[in-house]
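This structure is a prediction, so every number in the text was calculated from the model and none was measured.
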Amino acid sequence: MIVFYKNYNRLERTYLSIQSVRYLFPEIEIHCLLLYKNDINEYKKEHIKQLQECNVILHFDKKKYDFGSSGAGSSINGYYFTEMLNKIHSLTKEKTKVLMMDEDNFFTTGETLKFLINNEFDLAYGEWPHNIYSINASILCINCNKLQNIFPLPERQEFIEDLLSKELIDKCKKNNYVLKKIPTRNYIDYGGDGIFTNNITDMINELEKFNIKYKLLS
């Protein structure tokens, strides 16, 4: 399995999340897709160096969608998340197990990654309820090679839970692909392996509680 983060304007959080994985799984392969608005030089050279010191394989690409807000609780997150998933899939088409995550997924016990490493599936996902659908777009583990017939996902304005349920979950079921739910990502219940937060102070407090070594961006 490889771990693949996306970052856009949240490098402090991404850096902490990456360090949590590297601390718990020293040998695992980690990638990061660094999205920029206009120019690659939006990333400071010293910050790139710090990521490289964590043995992270870096990829750069221009952001397609930026509506001036995070997209939380909005149908524009259909654009944001599908862009992330499609870009990562395009970089990992031959891989059989890719954990795709946004900036805020960090870990404190490693149970989430252990579950994904030790189980076989074509798609593993956490639950995030919305209307009649329930899928957490911020963390998906995908057999990218097998799901090439489903990607790229359509990029459109729609609540991401609804979009992924129709374009990913339903199509996987139609193809008789193996689906598993990630037990430590059940809505805001993370089973003690990290917490649901967008706050860097909360992340730091949790890492310190579990004695996870980390550095801050210089």
(request) Evaluate the side-chain contact (heavy atoms from CB on, under 4.5 Å) criterion for residues Leu217 and Leu11: first the C-alpha distance (whole Å), next the side-chain angles of each, then the deciding distance (0.1 Å), finally the verdict. (result) CA-CA 8 Å; Leu217 292 176; Leu11 194 58; 3.9 Å; yes
(message) side-chain contact (heavy atoms from CB on, under 4.5 Å) for Asp66 and Tyr8? Distances and angles first, verdict last.
(response) CA-CA 10 Å; Asp66 185 345; Tyr8 183 61; 2.7 Å; yes
With rounding to the nearest 0.5 Å, note down the distance linking [atom1] in [X] to [atom2] in [Y].
{"X": "Cys172", "Y": "Glu167", "atom1": "SG", "atom2": "CD", "result": "11.5 Å"}
{"X": "Ile142", "Y": "Gln148", "atom1": "CD1", "atom2": "CD", "result": "12.0 Å"}
{"X": "Met101", "Y": "Asn7", "atom1": "CE", "atom2": "CG", "result": "13.0 Å"}
{"X": "Ile135", "Y": "Ser165", "atom1": "CD1", "atom2": "OG", "result": "5.5 Å"}
{"X": "Thr82", "Y": "Glu155", "atom1": "OG1", "atom2": "CD", "result": "4.5 Å"}

Could you pull out the closest heavy-atom pair between [X] and [Y], with the gap in Å?
{"X": "Pro129", "Y": "Ser134", "value": "N-OG, 3.6 Å"}
{"X": "Leu24", "Y": "Gly110", "value": "CD1-N, 3.7 Å"}
{"X": "Val98", "Y": "Cys144", "value": "CG2-SG, 3.7 Å"}
{"X": "Ile212", "Y": "Ser20", "value": "CG2-CA, 4.1 Å"}
{"X": "Ile182", "Y": "Gly126", "value": "CD1-N, 4.0 Å"}
{"X": "Asp162", "Y": "Glu158", "value": "CB-OE2, 3.7 Å"}

(message) I need the full list of ring-ring contact (aromatic ring centres under 6.0 Å, His included) pairs touching residues 82-118, with sequence neighbours left out, sorted by first then second residue.
(response) His89-Phe151
(request) Could you list all the ring-ring contact (aromatic ring centres under 6.0 Å, His included) pairs where at least one residue sits in residues 11-49, not counting sequence neighbours? (result) Phe4-His31, His31-His59
(message) Under a 4.0 Å threshold between the charged nitrogen and the carboxylate oxygen, would Arg13 count as salt-bridged to Glu103?
(response) no
(message) Looking at Lys63 and Glu83, is any side-chain nitrogen of the basic one under 4.0 Å from a carboxylate oxygen of the acidic one?
(response) yes
(message) Checking salt bridge (Lys or Arg N to Asp or Glu O under 4.0 Å) between Asp122 and each of Lys173, Lys171, Lys146, Lys180, which is the one that passes?
(response) Lys146
(request) Would you kindly say whether Asn136 and Ser138 are connected by a side-chain donor-acceptor distance under 3.5 Å? (result) yes
(message) Under a plain distance cut-off of 3.5 Å, with no hydrogens placed, do Glu208 and Asn211 share a side-chain donor-acceptor pair?
(response) no
Joint cluster assignment, [X] & [Y], ILVMFWY side-chain distance < 4.5 Å:
{"X": "Ile160", "Y": "Leu35", "result": "yes"}
{"X": "Leu140", "Y": "Tyr5", "result": "no"}
{"X": "Met84", "Y": "Phe159", "result": "no"}
{"X": "Phe60", "Y": "Leu51", "result": "yes"}
{"X": "Leu164", "Y": "Val178", "result": "no"}

Hey, does the side chain of [X] reach the backbone of [Y] with a donor-acceptor pair shorter than 3.5 angstrom?
{"X": "Asn199", "Y": "Asp202", "result": "yes"}
{"X": "Gln50", "Y": "Ser218", "result": "yes"}
{"X": "Arg22", "Y": "Ile28", "result": "yes"}

(request) List the steps and the verdict of salt bridge (charged side-chain N to carboxylate O under 4.0 Å, His left out) for Lys6 and Asp102. (result) CA-CA 5 Å; Lys6 178 272 295 183; Asp102 71 3; 5.8 Å; no
(message) Which residues pass the side chain to side chain donor-acceptor pair (under 3.5 Å) test with Asn119, not counting sequence neighbours?
(response) none
(request) Under the side-chain contact (heavy atoms from CB on, under 4.5 Å) rule, what do Ile88 and Leu33 come out as? Steps first, then yes or no, please. (result) CA-CA 7 Å; Ile88 293 177; Leu33 173 61; 4.2 Å; yes
(message) Checking Glu42 against Lys62 for the salt bridge (charged side-chain N to carboxylate O under 4.0 Å, His left out) test, could you report, in this order, the C-alpha distance in whole Å, the side-chain angles of both residues, the deciding distance, and whether it holds?
(response) CA-CA 11 Å; Glu42 291 166 18; Lys62 183 176 172 60; over 6 Å; no
(message) I need the full list of side-chain hydrogen bond (donor to acceptor under 3.5 Å, both in side chains) pairs touching residues 182-195, with sequence neighbours left out, sorted by first then second residue.
(response) Asn105-Arg185, Thr109-Asp193, Thr112-Thr184, Thr112-Asp193
(message) List the residues meeting salt bridge (charged side-chain N to carboxylate O under 4.0 Å, His left out) with Lys95, not counting sequence neighbours, and say none if there are none.
(response) none
(message) With side-chain contact (heavy atoms from CB on, under 4.5 Å) as the criterion, how do Asp104 and Thr197 come out once you've worked through the C-alpha distance, each side chain's angles and the decisive distance to 0.1 Å?
(response) CA-CA 7 Å; Asp104 303 308; Thr197 184; over 6 Å; no
(request) Go through the structure and list residues passing ring-ring contact (aromatic ring centres under 6.0 Å, His included) with Phe196, not counting sequence neighbours. (result) Trp128
(message) Against the six-membered ring of Phe121, is Lys97 placed for a cation-pi contact (under 6.0 Å from the centre, within 45° of the normal)?
(response) yes
(request) Test Lys49 against Glu46 for salt bridge (charged side-chain N to carboxylate O under 4.0 Å, His left out), laying out the working first. (result) CA-CA 5 Å; Lys49 183 179 179 182; Glu46 55 266 35; over 6 Å; no
